[in-house]
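Along the sequence shown, residues are numbered consecutively beginning with 1. Just so it is clear, the values below take in all heavy atoms, side chains as well, and ignore hydrogens, waters and symmetry mates.
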Amino acid sequence: MESKPMLLIVDDERPTREGLRAALEDRYDVYLAEDAATAMELLERERFDVVLTDFRLPKEDGMQLIARAKSLSRPPVCLLMTAYGSEDLAVEAMKRGADDYLAKGRLQIDELELRIAKALRTQQLETENQNLHRQLDDRFGLEQIVGKSPAMAEVFEIVRQVAPTPATVLIQGESGTGKELIAKAVHQLSPRARQPLVTVHCAALPAALLESELFGHEKGAFTGAHERRIGRFEQANGGSLFLDEIGEIDASTQVKLLRVLGERTFERVGSGKTIAVDVRLIAATNRNLVELVKAGQFREDLYFRLRVVELWLPPLRERPGDVPLLALHFLKEIAAAYGKPVREFTPDALQALLSYSWPANVRELRNAVEGAVALARGDKITRRELPPAVRGLGGGLTTSGARAPVDAAPQTVREAEKQLIIRALQETKGNRTLAAKKIGVGRRTLYRKLHEYHLDGL
Ligand SMILES: Nc1ncnc2c1ncn2[C@@H]1O[C@H](COP(=O)(O)OP(=O)(O)OP(=O)(O)O)[C@@H](O)[C@H]1O
Ligand SMILES: [Mg+2]
């Protein structure tokens with residue numbers, strides 16, 4: 001059963017308070033206060049939906065009470081009552097935040113009920129509206145991702161196109177290139193944005209635990225399984241599941257994952273019952289999966305299932321044009337958070353940022369800027385405030401080892417493009433004009449690409 005809205009009645013005359021209580025307690029959970037101070041105490045302690053207050057109160061008046069009530073973090077709906085109607089007072093009350101104004105003398109109980117209900121409804125609509133706006137802001141998941149290099153523009157383009165589909169997305173790139181950010185954007189730009197995005201960091205868990213983390217387990221399934229546990233796949237039902245560092249999962253979990261990807265069904269550990277889920281899978285890794293497949297550490301069939309759409313995030317050193325943009329983006333964000341008036345980089349600081357190779361990519365750049373903002377004294381970041389490695393004084397990470405297979409990138413982007421074209425043609429039942437429109441290219445370009453990908457027959 002739904003609980004009744006909480007209503008606080010503030011009036012210094014006892015008969016009025018009690019009378020209103022008797023009239024409204026069917027529909028509301030009614031509390032009483034005889035002055036503004038008592039009312040504020042209650043308001044700070046409980047979460048009220050509505051305050052109905054008399055204007056004339058001892059000490060602080062009803063208008064002042066409303067002004068204070070409206071400054072609470074979750075302000076209640078406030079209605080002001082007066083003994084006699086006065087237009088000036090009504091205008092003033094609304095200015096101070098009252099949601100409605102009632103003249104007691106003429107007021108019928110059923111009208112009072114109606115006005116309260118209406119004010120509540122209006123507030124509810126406003127809240128819904130605000131939530132909607134917030135969701136819309138979040139929806140533009142790509143907006144906080146900075147980058148104008150052609151390589152990143154291509155990534156954004158693919159994200160925009162595949163996000164609305166249910167296709168599995170595999171994001172590859174060195175550590176710190178923004179894989180998690182892109183994974184979130186894919187979810188945010190999908191029709192599942194209002195459903196959960198559940199993340200599992202596969203490398204953080206030992207093999208035995210990962211399996212029950214993903215699929216859940218029944219009580220007593222293994223020593224230590226005291227309770228039944230719902231796995232991440234079930235939690236993500238209707239939404240997306242982000243498997244981060246998927247290159248780290250063990251052979252047995254790989255087999256199980258392969259099956260979920262194919263059939264969208266699985267069993268909890270220690271249970272024979274098959275569970276079906278509707279989950280969009282997003283995976284990321286900083287390992288080279290092709291190498292892992294070659295080395296026999298990653299199943300080839302799983303790799304193929306995962307890379308329905310493949311995204312490669314280029315290392316920062318391959319998109320130097322993004323460095324100043326990102327640096328300034330972080331500078332603004334961090335300076336605001338630190339409350340420091342730092343606005344820009346001196347030219348030689350920028351030069352140092354541009355000359356450095358950023359082996360740990362965007363994450364390293366962000367950390368460098370954060371440190372510099374912390375040290376900065378004026379409104380500019382100078383070279384002096386940058387980490388020694390960035391200033392060319394050594395002590396940084398090396399780029400060896402972490403290098404992603406760069407030359408594989410264009411090929412896989414092509415793969416993604418090919419997939420898009422196939423999908424567009426399927427969706428438009430082979431209508432090339434419509435398909436071209438869908439992909440956002442001209443008809444001629446589409447024909448050329450069909451030829452290039454040997455898809456002429458489609
Ligand atoms: N293009 C970008 N615009 C703005 N911020 C970015 C961008 N790319 C990365 N970042 C920021 O850099 C940091 C590292 O990004 P993220 O965690 O997504 O990297 P990752 O590829 O998942 O790294 P790892 O492989 O180590 O998990 C985060 O703070 C992220 O917000
Ligand atoms: Mg990550």
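- In this model, no donor atom of one side chain and acceptor atom of the other lie less than 3.5 Å apart for Q195 and R192.
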Practice problem: In sequence, state the C-alpha distance, the side-chain angles, and the governing distance for D379 and R343, and then conclude on salt bridge (charged side-chain N to carboxylate O under 4.0 Å, His left out). | Solution: CA-CA 5 Å; D379 63 345; R343 304 260 171 273; over 6 Å; no

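- Atom CZ of R384 has 12 or fewer heavy atoms from other residues, nucleotides or ligands within 6.0 Å.
- Annotation for E263: atom CD counts as buried by contact number, over 12 foreign heavy atoms lying within 6.0 Å.
- F233 and F215 have parallel rings, their planes meeting at less than 30° on a 0 to 90° scale where 60° marks the start of perpendicular.
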Donor-acceptor list for residues 324-338 side chains, cut-off 3.5 Å, not counting sequence neighbours:
{"unit_1": "E333", "atom_1": "OE2", "unit_2": "R366", "atom_2": "NH2", "d": "2.3"}
{"unit_1": "Y338", "atom_1": "OH", "unit_2": "E370", "atom_2": "OE2", "d": "2.6"}

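- Other residues, nucleotides and ligands contribute more than 12 heavy atoms inside 6.0 Å of the CZ atom of R264.
- The pair E267-K256 does not meet the salt-bridge criterion, since no charged nitrogen lies less than 4.0 angstrom from a carboxylate oxygen.
- Ionic pairing of R317 and E174 is present here: one or more N-O contacts between side-chain nitrogen and carboxylate oxygen are shorter than 4.0 angstrom.
- Remark: E34 does not engage R14 in a salt bridge, criterion side-chain N to carboxylate O under 4.0 Å.
- The two residues A117 and Y28 make their nearest non-hydrogen contact at N-OH, 4.0 Å.
- Using a 4.0 Å cut-off between charged side-chain N and carboxylate O, E113 and R27 make a salt bridge.
- Closest of all the heavy-atom pairs between Q123 and D49 is OE1-O, 4.5 Å.
- Considering every non-hydrogen atom in both P76 and D99, the closest pair reads O-OD2, 4.2 Å.
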